[in-house]
2 protein chains.
Amino acid sequence: MALTDEAIDKIKGMITSGELGPGDRLPKEADLAERLGLSRNSLREAVKALSMIRVLDVRQGDGTYVTSLAPDLLLDALSFVVDFHRDDTVLQFLEVRRILEPSATALATERMPVEDIAKLQAVLDQLGDNPTIEALVANDLEFHRQIAAGSGNAVLCSLIDGLSGPTTRARIWRGLTQEGAAERTREQHQAIVDAITARQPDLARSWATIHVAGVEEWLRRAL
Amino acid sequence: MALTDEAIDKIKGMITSGELGPGDRLPKEADLAERLGLSRNSLREAVKALSMIRVLDVRQGDGTYVTSLAPDLLLDALSFVVDFHRDDTVLQFLEVRRILEPSATALATERMPVEDIAKLQAVLDQLGDNPTIEALVANDLEFHRQIAAGSGNAVLCSLIDGLSGPTTRARIWRGLTQEGAAERTREQHQAIVDAITARQPDLARSWATIHVAGVEEWLRRAL
DNA sequence: TCCCCCAATACATCGGAGGTCTGTTGTCTA
DNA sequence: TAGACAACAGACCTCCGATGTATTGGGGGA
């Protein structure tokens, strides 16, 4: 195994063993390099890799710290990864979303406080009459994010959020190529909010399924 | 933005733009560094980060290549990330598993070829009478991996695989075996295989739900 | 024709130097 | 005394040049 990978494992070990907790500061580069028995350059590669996946937070002029290790932070890296995928695998991501999103919506129906439901409605309302494609997509993203957050499960939330990345592009194309899509999306979003407001999980789940399946079906035909 | 991060973005751009495809070889370090306008050391940090998440594959003495970019490769990094989580967030991961695994099992029930079902049964059979914890963990991992693979969705498969990393699983098993849950798990595994063999998706889904929920419930009590 | 050796290639690792950013401290002024 | 400014030290950022090491492919010998 390469020296750098070893260093990564050792730092990982320092964290998982509890020697380093969230928010703790690492020894300075030179000291840590000496302790791990490698050069600063090699150590920096290890630290860079760990900061990429949000495990470490390096601040120039200050020091290197362990992040909060919150699930949403760590799963953030997911969206970076899915960016690399080409159109043919996007369908698989969408299939997974069709599994996750309905469940998240059902959970949100049960757990979401009334005031958050109001915020959800507000998101829908703030969309004007003739929004741009970008505004539509941004609004859609925000809508689904709030529902995912309403599930009360940070892991589920950021997973859905991350998976939505690659499908975003697809939605933009959809908006460009399919005229009635925007209006239908709005209707479905409203139906989901209504179901949540009425506290009917199975109805909310069904609408969410239909909503995602609609995008999926369109994409399947388009490819 | 740091120079290294810029380099990461540029390399990412070279791939997403199609200039570099899966399997392609990158220019050698010195050339690429010059082209991107930075030193070799800084470039190496960028390459290291990208190879961490399996986007690049560096081979000493040969060169640096773009990987296949297959979903399973890229989501592999997930298990690394999951390892950092402590017991309190593991519950959230398990909750997500309880959403994904039943659906994957149901999909596998419909799509899995007969010979793969036989292999699945073989996995269960090859476990002896008094297995070690390591054997249990490995067997459990293999069982669920084969089912996930049977769903025919690589993204779903590696997501499930990554969500309960070996570390997490081992930790859970260590606790479970102390309560003699090994036998119950084996029965549930068998029930899942039976349902798949009978091609009854709803039954398979239910067993999978029960199976995951059992672990989840135990963990909830243990914390 | 086959096999072994070696030179070329490319990544791995190292140590040091100069630059830049940040937080702190000490001083000056109102 | 309170606030603002300047100097300082600590820590990361970037680069350079050199040496070590693994892989590959070609040339020479049997």
Side-chain angles (χ1 to χ4, degrees), chain A residues 1-15 19-69 73 76-77 80, chain B residues 1-15 19-69 73 76-77 80:
Chain A
M1 180 186 288
L3 236 160
T4 303
D5 297 310
E6 236 174 273
I8 291 177
D9 266 357
K10 281 179 184 168
I11 297 177
K12 176 181 176 182
M14 289 168 72
I15 295 176
E19 180 183 344
L20 287 175
D24 282 0
R25 176 175 171 172
L26 271 68
K28 62 179 176 186
E29 279 185 334
D31 290 350
L32 188 56
E34 188 183 6
R35 169 174 165 181
L36 298 183
L38 40 63
S39 77
R40 265 185 38 250
N41 275 329
S42 302
L43 173 65
R44 279 183 57 76
E45 288 182 17
V47 169
K48 186 72 202 177
L50 286 174
S51 71
M52 260 296 101
I53 57 175
R54 309 291 196 96
V55 168
L56 296 182
D57 176 26
V58 298
R59 305 178 207 158
Q60 185 181 166
D62 187 355
T64 303
Y65 299 81
V66 178
T67 67
S68 67
L69 296 180
L73 258 186
D76 237 29
F80 184 87
Chain B
M1 180 185 288
L3 239 158
T4 303
D5 296 309
E6 237 174 274
I8 290 177
D9 266 356
K10 282 179 184 168
I11 297 176
K12 178 181 176 181
M14 290 168 71
I15 296 177
E19 179 182 344
L20 287 174
D24 283 359
R25 176 176 172 172
L26 272 68
K28 62 179 176 184
E29 280 186 335
D31 290 350
L32 187 56
E34 188 183 6
R35 170 174 164 181
L36 298 183
L38 39 64
S39 76
R40 270 187 55 241
N41 274 331
S42 300
L43 173 65
R44 279 182 57 76
E45 289 181 18
V47 169
K48 186 72 203 178
L50 287 174
S51 70
M52 260 297 100
I53 57 176
R54 309 292 196 97
V55 168
L56 297 181
D57 176 25
V58 299
R59 305 178 207 157
Q60 184 179 166
D62 185 357
T64 303
Y65 298 82
V66 179
T67 66
S68 67
L69 296 181
L73 259 185
D76 235 29
F80 185 87

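Letters A, B, ... are given to chains in the order of the sequence lines, protein chains preceding strands, and every chain is numbered from 1.
Salt-bridge check for A:Asp57 with A:Arg25: failed, with every basic side-chain N at 4.0 Å or more from each acidic carboxylate O.
B:Asp62 comes within 4.0 angstrom of sugar-phosphate atoms only, judged by non-hydrogen atoms across all strands, and of no base. At the heavy-atom level, A:Arg44 lies under 4.0 Å from base atoms of the strands shown.
Not a single donor-acceptor pair under 3.5 Å links the side chain of B:Asp31 to the backbone N or O of B:Lys28.
Rounded to whole Å, the distance from CG on B:Asp57 to C1' on D:dT23 is 14 Å. Remark: C1' of D:dC12 and CD of A:Gln60 are 5 Å apart, rounded to the nearest angstrom. Rounded to whole Å, the distance from CG on B:Asn41 to C1' on C:dG15 is 11 Å. What separates CG of A:Leu3 from C1' of C:dC14 is a distance of 10 Å, to the nearest Å. Here C:dA10 presents its P atom at 13 Å from CG of B:Leu32, a figure rounded to the nearest Å. Atom CG of A:Leu43 and atom C1' of C:dG15 are 14 Å apart (whole Å). If you measure from atom CG of B:Asp5 to atom P of D:dC12, you get 16 Å, rounded to the nearest angstrom. Rounded to whole Å, atom P of C:dT13 lies 11 Å from atom CD of B:Glu29.
In terms of position along DNA chain C, the nucleotide closest to B:Arg25 lies nearer the 5' end than the nucleotide closest to the other residue of the pair A:Gly61 and B:Arg25. Toward the 5′ end of DNA chain C lies the nearest nucleotide of A:Gly37, the other residue of the pair A:Arg59 and A:Gly37 mapping further downstream.
The structure places OG1 of A:Thr4 at 11.0 Å from CG of A:Leu36, a figure rounded to the nearest 0.5 Å.
In this model, the phosphate group of C:dA10 is not approached by any side-chain N or O of B:Thr64 to a distance below 4.0 Å at OP1 or OP2. Remark: A:Ser42 is not in phosphate contact with C:dA12, judged by side-chain N or O atoms under 4.0 Å from OP1 or OP2.
Residues B:Glu29 and B:Val47 fail the side-chain proximity criterion, which asks for heavy atoms closer than 4.5 Å.
No hydrogens or angles were tested; on distance alone, nothing pairs the side chain of B:Arg40 with the base of D:dT14 as donor and acceptor under 3.5 Å.
The side chain of B:Thr4 lies closest to D:dT14 when the candidates are C:dA12, D:dT14, C:dC14.
Across all their heavy atoms, A:Leu3 and A:Gly37 have their closest contact at CD2-O, 4.3 Å.
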